[in-house]
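A quick write-up on the structure given underneath.
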2 protein chains.
Amino acid sequence: MTQTMSIPPFKLNGRIWLEIDEEKVLGHGRVELLERIHESGSIRQAALQMKMSYKQAWDLVNHINNGFKQPLVISKRGGKGGGIALLTPFGQEVIVEFKELQQKFFRFLDENGRK
Amino acid sequence: MTQTMSIPPFKLNGRIWLEIDEEKVLGHGRVELLERIHESGSIRQAALQMKMSYKQAWDLVNHINNGFKQPLVISKRGGKGGGIALLTPFGQEVIVEFKELQQKFFRFLDENGRK
DNA sequence: TTTCGTTATGTTTTTAAAAGTATAACGCAA
DNA sequence: TTGCGTTATACTTTTAAAAACATAACGAAA
């Protein structure tokens, strides 16, 4: 595809997200958090990996779960390892589909943008 | 196009913008500001229409002009009406092309999102 | 029945962004 | 040559977001 925008080294960039009731419930950062929770089985580990506080991560998870009214993450405290967190099947489904959308979006950016 | 994302009334939304040196220089809000400046010939009027302070509008214009290193807006003070602001041909070209991108992007959202 | 690492929350502090205030400079027109 | 409405810019205040801090609850395992 040819680039018409004339002068300097522009780069097209952007973001997409899902809304429920006009409110953002899932975007690129939150999906990454969910993925890391899925992989590590731990909110704390996911938070550390993303260099955010546990509190912030927990707040996000909480917000996501509330937003969807059906939880994407289930967590328990106590026991072996201190506690655990994991994605529900619904949660897994949602992130897969969101990432597909994201792939399409990246393709869109590549086709229309310029480095 | 069929919607696969299963459960609730999701809505896909997003934003695109232009970057120069990894920095956002033009997005949806700024383009609207430029359009209103173009129509009214006045930064102040454009700011009022968009319910922002003159200062904020001026700062944005300033930032845009600096980002592109070639001005999109030229302004003068004093004289009839107190002063004036207008888009350069380059500025006009840029907003036209950005709005074309935006149209494509809206089409993308419509094709992939769900109300 | 104590230790441990995590989940779960509330509270406070810090930081950054936005909004507001103030004022100078300008040049046409009366 | 004064008044007017706007551009231009600095400075202060307010607001909102993020970070930091503190602490309780939990349950497996030792």
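Only a predicted model underlies this, so the values are computations on that prediction, with no experimental measurement involved. Letters A, B, ... mirror the listed sequences (proteins, then strands); counts begin at 1.
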Figure out the [atom1]/[atom2] separation between [X] and [N], and round it to whole Å.
X: A/Leu86; N: C/dT7; atom1: CG; atom2: C1'; value: 13 Å
X: B/Lys51; N: C/dA19; atom1: NZ; atom2: C1'; value: 16 Å
X: A/Asn66; N: C/dA8; atom1: CG; atom2: P; value: 12 Å
X: A/Leu60; N: C/dA8; atom1: CG; atom2: P; value: 14 Å

Q: Check the angle between the aromatic planes of A/Phe108 and B/Phe108 and answer parallel, tilted or perpendicular using the 30° and 60° thresholds.
A: tilted
Q) Would you say a side-chain N or O of A/Trp58 is under 4.0 Å from OP1 or OP2 of C/dT7? A)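 Checking A/Trp58 against C/dT7: no side-chain N or O falls below 4.0 Å of OP1 or OP2.
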Q | side-chain N/O A/Gln45 vs C/dT6 OP1/OP2, d < 4.0 Å | A | yes
Q) If you take all heavy atoms of B/Gly14 and B/Leu109, which pair is closest and at what distance? A) N-CD1, 4.0 Å
Q.
Show the nearest heavy-atom pair for residues A/Thr88 and A/Val73, with the distance to one decimal.
A. CG2-N, 4.4 Å
Q: With heavy atoms under 4.0 Å as the rule, sort B/Ser75 into base, sugar-phosphate or nothing.
A: sugar-phosphate
Q) B/Lys55 near the nucleic acid: base, sugar-phosphate alone, or nothing, with a heavy-atom cut-off under 4.0 Å? A) base
Q. Between B/Lys80 and A/Tyr54, which is nearer to the 5' end of DNA chain C once each is assigned its nearest nucleotide?
A. A/Tyr54
Between protein and nucleic acid, restricted to nucleotides 24-26 of chain C and to nitrogen or oxygen atoms under 3.5 Å apart, what atom pairs and distances do you find?
unit_1, atom_1, unit_2, atom_2, d
C/dC26, O2, B/Gly78, N, 2.9

Q: Would you please indicate if the ring centroids of A/Phe105 and A/Phe98 are separated by under 6.0 Å?
A: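 A/Phe105 vs A/Phe98: aromatic centres not under 6.0 Å.
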Q) Are side-chain heavy atoms of A/Phe10 and B/Ile20 found at a separation under 4.5 Å? A) yes
Q) Considering only heavy atoms from C-beta outward, does the side chain of A/Glu97 approach that of A/Leu101 to under 4.5 Å? A)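 They are not in side-chain contact.
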**Q.** Segment of DNA chain D, first to last nucleotide, that comes within the 4.0 Å heavy-atom reach of chain A
**A.** D/dA19 to D/dA28
**Q.** For A/Gln49, the option from A/Arg44, A/Glu32, A/Arg36 that meets side-chain hydrogen bond (donor to acceptor under 3.5 Å, both in side chains)
**A.**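 Exactly one option meets the side-chain hydrogen bond (donor to acceptor under 3.5 Å, both in side chains) with A/Gln49, and it is A/Arg36.
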**Q.** N-O pairing of A/Glu111 and B/Lys104 below 4.0 Å
**A.** no
Q | Sequence-distant partners of B/Gln102, side-chain hydrogen bond (donor to acceptor under 3.5 Å, both in side chains), two or more places apart | A | none
